[in-house]
Amino acid sequence: MSETSRNGPEEADDASVIERSRRDPEAFAEIFRRHAPDIKRYVVRRLGPDAAEDVVAETFLAAFRQRDRYDLRRAQARPWLYGIATNLVGRHVRDEVRQLQVLQRTGADPVTESFTERSDERVSAGALRRSLAASLAALPAGHRDALLLVVWGGLTYAETAQALGVRVGTVRSRINRARKGLRKSLGEVAPAVSKSEESIRG
């Protein structure tokens, strides 16, 4: 008996689902099911919960409308969806800065705070998040987008390049500059940027 017959049919990749949705629009709901939770967590961290619902809905509506133009050679749709979401986040710059200011004041991550006990370690992490939030708010938007797609979105550099429509070298440059900016503004608070990045992952 084959592996497929024992475990059921293999799940179709995103590109196959999107291709099918061009004939059967309702099939696109599978793309939402697979990716909406991660996209929502990313947007909540950037904009806060109030604006996130609208941005996530707009992201998948835009993706649905653009599905005929999706490059079916790309099996995974995550970078495409994160790119749409990031473009929409860019229209809410004031909301993002406001959310970072809230994080700066409170150290409370809107994604994880309600599920985590306030231990001494978390209080310390909260203090670091406050410093990071101020530093992130000061970064140029393009540098912040690249950094947070990698750190909060979990994308690779190549996926981030795809999401932003730029070359991988541009992503590397933006992230390197973002890291230098964080090192400069954080000083002794977080001398190792890799540790700082882990803190803002939540």
Side-chain angles (χ1 to χ4, degrees), residues 14 18 28-67 69-70 76-116 118 122 125-155 159-166 171 174-175 178 181-182 185 196-202:
D14 292 339
I18 292 169
F28 197 81
E30 175 64 14
I31 298 298
F32 182 88
R33 183 192 68 78
R34 292 178 183 183
H35 299 291
D38 289 340
I39 296 291
K40 183 175 181 180
R41 280 190 288 272
Y42 169 72
V43 177
V44 166
R45 278 183 165 149
R46 295 200 64 170
L47 299 179
D50 292 341
E53 292 288 347
D54 288 342
V55 170
V56 172
E58 290 175 30
T59 295
F60 284 92
L61 178 59
F64 177 78
R65 289 172 173 167
Q66 296 170 25
R67 70 191 190 283
R69 302 199 301 273
Y70 182 77
Q76 299 301 318
R78 288 178 72 244
W80 178 56
L81 295 168
Y82 273 101
I84 294 170
T86 299
N87 285 336
L88 291 169
V89 165
R91 300 178 187 176
H92 296 261
V93 174
R94 291 181 181 177
D95 289 329
E96 179 173 25
V97 171
R98 190 179 304 116
Q99 177 63 22
L100 288 169
Q101 289 170 344
V102 169
L103 182 55
Q104 180 184 358
R105 289 195 305 271
T106 66
D109 183 329
V111 173
T112 61
E113 188 68 17
S114 60
F115 302 100
T116 309
R118 293 293 297 174
R122 290 294 296 178
L128 180 54
R129 284 199 187 95
R130 286 192 288 272
S131 298
L132 279 165
S135 301
L136 287 169
L139 290 175
H143 296 178
R144 187 165 61 241
D145 286 343
L147 180 66
L148 296 185
L149 280 168
V150 171
V151 176
W152 284 350
L155 300 188
E159 289 172 335
T160 299
Q162 183 184 336
L164 297 176
V166 299
V171 170
R174 289 179 182 179
I175 290 178
L182 290 178
S185 59
S196 301
E197 291 179 355
E198 286 301 320
S199 295
I200 57 176
R201 281 183 189 270

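Values below: all heavy atoms of this structure, side chains included; hydrogens, waters and symmetry mates excluded.
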Open item on the list: As an exercise, state the distance from CH2 of Trp80 to OH of Tyr70, rounded to the nearest 0.5 Å.
Closed with: 7.0 Å
TODO: Any chance you could measure Leu182, atom CG, to Ile175, atom CD1, to the nearest 0.5 Å?
DONE: 11.0 Å
Task: Residues which pass side-chain hydrogen bond (donor to acceptor under 3.5 Å, both in side chains) with Asp38, listed by chain and number, not counting sequence neighbours - done: Arg41
Open item on the list: Going by the rule salt bridge (Lys or Arg N to Asp or Glu O under 4.0 Å), which residues pair with Arg78 if we only count those two or more places apart in sequence or in a different chain?
Closed with: Glu159
Got a list of side-chain donor-acceptor pairs under 3.5 Å for residues 28-37, not counting sequence neighbours?
{"unit_1": "Glu30", "atom_1": "OE1", "unit_2": "Arg33", "atom_2": "NE", "d": "2.9"}
{"unit_1": "Glu30", "atom_1": "OE2", "unit_2": "Arg33", "atom_2": "NE", "d": "3.3"}
{"unit_1": "Glu30", "atom_1": "OE2", "unit_2": "Arg33", "atom_2": "NH2", "d": "2.4"}
{"unit_1": "Glu30", "atom_1": "OE2", "unit_2": "Arg34", "atom_2": "NE", "d": "2.8"}
{"unit_1": "Arg33", "atom_1": "NH2", "unit_2": "Glu11", "atom_2": "OE2", "d": "3.3"}
{"unit_1": "Arg34", "atom_1": "NH1", "unit_2": "Ala12", "atom_2": "O", "d": "2.9"}
{"unit_1": "Arg34", "atom_1": "NH1", "unit_2": "Asp14", "atom_2": "OD1", "d": "2.7"}
{"unit_1": "Arg34", "atom_1": "NH2", "unit_2": "Ala12", "atom_2": "O", "d": "2.7"}
{"unit_1": "His35", "atom_1": "NE2", "unit_2": "Asp14", "atom_2": "OD1", "d": "3.4"}
{"unit_1": "His35", "atom_1": "NE2", "unit_2": "Asp14", "atom_2": "OD2", "d": "2.8"}

TODO: Mind listing the closest non-hydrogen atom pair of Ala163 and Pro79 along with its distance?
DONE: CB-O, 3.1 Å
Task: Test item: Ile39 and Ile84 side chains (from C-beta on) under 4.5 Å apart, heavy atoms - done: no
Task: Value rounded to 0.5 Å, distance of CD in Gln76 from CG in Leu155 - done: 11.5 Å
Using distance only, find each side-chain donor-acceptor pair of residues 50-65 under 3.5 Å and give its atom names and separation, not counting sequence neighbours.
{"unit_1": "Glu53", "atom_1": "OE2", "unit_2": "Lys40", "atom_2": "NZ", "d": "2.6"}
{"unit_1": "Thr59", "atom_1": "OG1", "unit_2": "Val55", "atom_2": "O", "d": "2.8"}

Task: Shortest non-hydrogen contact from Leu139 toward Arg144 - done: O-NH1, 2.9 Å
Open item on the list: Exactly one of Thr160, Leu148, Leu164 should register a side chain to side chain contact (heavy atoms under 4.5 Å, CB included) with Thr86. Which one does?
Closed with: Leu164
